[in-house]
Amino acid sequence: GNSVTQMEGPVTLSEEAFLTINCTYTATGYPSLFWYVQYPGEGLQLLLKATKADDKGSNKGFEATYRKETTSFHLEKGSVQVSDSAVYFCALSDLGAGGTSYGKLTFGQGTILTVHP
Amino acid sequence: DGGITQSPKYLFRKEGQNVTLSCEQNLNHDAMYWYRQDPGQGLRLIYYSQIVNDFQKGDIAEGYSVSREKKESFPLTVTSAQKNPTAFYLCASSIRGAGEKLFFGSGTQLSVL
């Protein structure tokens, strides 16, 4: 079955530091890959996505590249801010019939990021 | 503003009691979902519905039930058969056929007394 493994957290950084959160996956077929972010007391929000190999998703200074050869989708940001403190989830979806995934995402366990001033 | 509203924010259940979590959306989305979030674990799909009056079991449906009588509402009942109900429950919705972009509510924390 499908699975997603994220690096163990929590991750604590100083403001303006470089961020990497590792994500690897196991899936049948050709999944789409996502990063969701959950700010304190809120639901999850889609941060970025990539739908095929070598695609790069980017948003709000975050980037992740779909690496089929290493089955990875690592999240990076060059300079983090205090406001980036949140829980980050890597996820994948396998497309079903008709090319739709019907919200059946497989999530990693989440990585808590804390950024200090 | 369009969005998903979950209520209550905190809920307590006594042994042997059924409780119902509310989820309402005004995004005009056809599809709605319930996920369970446990500390240190990813989200797991409980039930999902692609259209009114239809729903399917997710990966961990045992001990839960849902209904979808209206497009905007997808309540989740945690029954007494669910032996470990303490968790954070998240409702989500999406445009039918674009399931990977989910819009989430702010969640309900359920605890057992």
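Just so it is clear: chains get the letters A, B, ... in the order the sequence lines come, proteins before strands, and each one is counted from 1.
Side chains of B:L43 and A:Y36 form no contact here, defined as non-hydrogen atoms less than 4.5 Å apart. Counting heavy atoms from C-beta on, the side chains of B:Y35 and A:L44 never come closer than 4.5 Å.
Distance check: A:L46 CG to B:S94 OG gives 11.5 Å after rounding to the nearest 0.5 Å. Summarising the geometry, atom NZ belonging to B:K101 is positioned 10.5 Å from atom CD belonging to A:Q45; distances are rounded to the nearest 0.5 Å.
In this structure, A:F107 is not a member of the same hydrophobic cluster as B:I46, with clusters built from ILVMFWY side-chain heavy atoms closer than 4.5 Å. In the hydrophobic cluster analysis, where Ile, Leu, Val, Met, Phe, Trp and Tyr join through side-chain heavy atoms closer than 4.5 angstrom, A:F62 is grouped apart from A:F34. Cluster membership check: B:Y48 shares its hydrophobic cluster with A:F89, using side-chain heavy-atom separations under 4.5 Å among Ile, Leu, Val, Met, Phe, Trp and Tyr. There is a path of hydrophobic side-chain contacts, each under 4.5 Å, that joins A:L19 to A:F73. B:Y47 and B:L11 fall within the same hydrophobic cluster, where Ile, Leu, Val, Met, Phe, Trp and Tyr residues are linked whenever their side-chain heavy atoms come under 4.5 Å apart, directly or through other members.
Within 6.0 Å of atom OH in B:Y10, 12 or fewer heavy atoms from other residues, nucleotides or ligands are found, so the atom counts as exposed in its surroundings. Counting heavy atoms of neighbouring residues, nucleotides and ligands inside a 6.0 Å radius, atom CD of B:Q56 exceeds 12 of them. More than 12 heavy atoms of other residues, nucleotides or ligands sit less than 6.0 Å from atom CD of A:E69.
Within residues 76-84 of chain A, no residue has any heavy atom under 4.5 Å from a heavy atom of chain B.
When heavy atoms are compared at a cutoff of 4.5 Å, B:L90 approaches chain A solely by way of its side chain, counted from C-beta outward. Proximity to chain A (any heavy atom under 4.5 Å) is shown, for B:Q109, by neither the backbone nor the side chain. Of the atoms belonging to A:Q38, it is side-chain heavy atoms, and not backbone ones, that fall under 4.5 Å from chain B.
Interface check for chain B: of the options A:G110, A:G9, A:G108, the most heavy-atom pairs under 4.5 Å are formed by A:G108.
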